[in-house]
Amino acid sequence: HKMKKVEKWFHIVPCSLALAYSITALCTNTFGPSPSGFCGLTFSGYPHGCESNSEVECTHKREQFNRVLAVIGYLWPSLCIFYVSIIMFRVYRAVRDIEINAEKYSFLAKFKGHNKKKTRKRSRRVMIQGILYFVAMVLTWGFTFTFMMILLISKKFNQVINTFVLVFNPLQGAFNFLIYLIPVFR
């Protein structure tokens, strides 16, 4: 019953944030193609090179607002990583507490002794799966966050880190799919 009350917010909050972010970017004319290959926030004028070439008129000009949007836009993945780690830890603790309570009423545990490794295997699986989800998020968004911080602080485009971003960002779904399939192959 508690979950039904909270479940709608798991849909409302992410959708509202995405819409607010997108509408703000559209209203401020900051969406466009980037040199990195993604279509999203533009940190330079469009078409590329228009700021240095006076013959070409910029349709998207660099604005300070772009940086604010970028910091907010790339701060969310950091908050998501933090959120995922907390939620996975809480799930692990809940499963472990259930296993500990079940051990109290186990016939084998009372009379023959028990092997904690065997009786707490579910909480161990949950812990490993939580760690894998966390690592998948860090692999996916760590390079993006690093790339954006370098770009915002030094205003230099790092091609090596950008290549990692272009490789790992699309793989988040694949990582999650593989982690989701782990129990199937056990």
Side-chain angles (χ1 to χ4, degrees), residues 1-25 38 40-41 68-153 161-186:
H1 184 67
K2 283 183 182 179
M3 193 61 180
K4 291 239 184 227
K5 290 180 182 178
V6 178
E7 184 180 5
K8 66 180 177 184
W9 293 104
F10 287 141
H11 298 285
I12 292 171
V13 171
C15 291
S16 299
L17 289 173
L19 278 173
Y21 181 74
S22 301
I23 290 170
T24 304
F38 285 116
L41 293 173
V68 173
L69 280 175
V71 169
I72 291 170
Y74 292 105
L75 183 64
W76 288 119
S78 302
L79 294 175
C80 288
I81 289 171
F82 182 67
Y83 176 76
V84 164
S85 62
I86 289 174
I87 294 302
M88 289 299 164
F89 178 74
R90 292 189 67 189
V91 169
Y92 162 72
R93 288 285 307 253
V95 171
R96 192 186 65 153
D97 290 346
I98 290 170
E99 286 179 335
I100 289 171
N101 286 335
E103 282 176 14
K104 292 178 190 175
Y105 304 106
S106 171
F107 178 76
L108 293 174
K110 281 186 177 180
F111 296 106
K112 291 186 177 180
H114 66 286
N115 185 352
K116 287 184 180 181
K117 201 170 195 177
K118 285 186 179 181
T119 58
R120 295 188 187 166
K121 64 182 177 182
R122 286 186 181 91
S123 61
R124 185 165 179 77
R125 286 182 185 168
V126 167
M127 178 185 67
I128 290 169
Q129 195 159 3
I131 290 170
L132 289 173
Y133 277 120
F134 175 77
V135 168
M137 276 196 90
V138 169
L139 266 176
T140 303
W141 290 102
F143 293 112
T144 304
F145 187 76
T146 305
F147 175 76
M148 290 308 300
M149 288 301 114
I150 290 172
L151 187 66
L152 290 172
I153 293 169
I161 295 178
N162 185 48
T163 303
F164 283 116
V165 169
L166 292 174
V167 169
F168 282 105
N169 257 11
L171 289 176
Q172 182 172 9
F175 291 150
N176 288 342
F177 176 71
L178 292 173
I179 294 166
Y180 184 76
L181 286 180
I182 286 174
V184 173
F185 294 111
R186 284 199 178 161

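Nothing fancy with the numbering, it's 1 onward along the sequence.
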Measure the [atom1]-[atom2] distance between [X] and [Y] for me, rounded to the nearest 0.5 Å.
| X | Y | atom1 | atom2 | answer |
| --- | --- | --- | --- | --- |
| Leu166 | Ile161 | CG | CD1 | 12.0 Å |
| Tyr83 | Ile86 | OH | CD1 | 9.5 Å |
| Ile98 | Asn101 | CD1 | CG | 8.0 Å |
| Leu171 | Leu178 | CG | CG | 9.5 Å |
| Ile150 | Phe145 | CD1 | CZ | 11.0 Å |
| Phe134 | Ile179 | CZ | CD1 | 12.0 Å |

Heavy-atom pair of closest approach, residues [X] and [Y]:
| X | Y | result |
| --- | --- | --- |
| Gln129 | Tyr180 | NE2-CA, 4.2 Å |
| Val84 | Met137 | CG2-SD, 3.4 Å |
| Val165 | Phe147 | CG2-CB, 3.9 Å |

Heavy-atom side-chain proximity of Met88 to Tyr133 below 4.5 angstrom: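 Heavy-atom side-chain distance check passes, below 4.5 Å.
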Tell me whether the rings of Phe168 and Phe164 are parallel (<30°), tilted (30 to 60°) or perpendicular (>60°).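 Correct class here is parallel.
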Is there a donor-acceptor contact under 3.5 Å from the side chain of Glu99 to the main chain of Ser123?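 Yes, because the side chain of Glu99 sits within donor-acceptor range (under 3.5 Å) of the backbone of Ser123.
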Audit row: Trp141, Gln172, side-chain contact (heavy atoms from CB on, under 4.5 Å) steps and yes/no: CA-CA 9 Å; Trp141 290 102; Gln172 182 172 9; 2.9 Å; yes
Is there a donor-acceptor contact under 3.5 Å linking the side chains of Asn169 and Thr140?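 Thr140 and Asn169 do not have a side-chain donor-acceptor pair below 3.5 Å.
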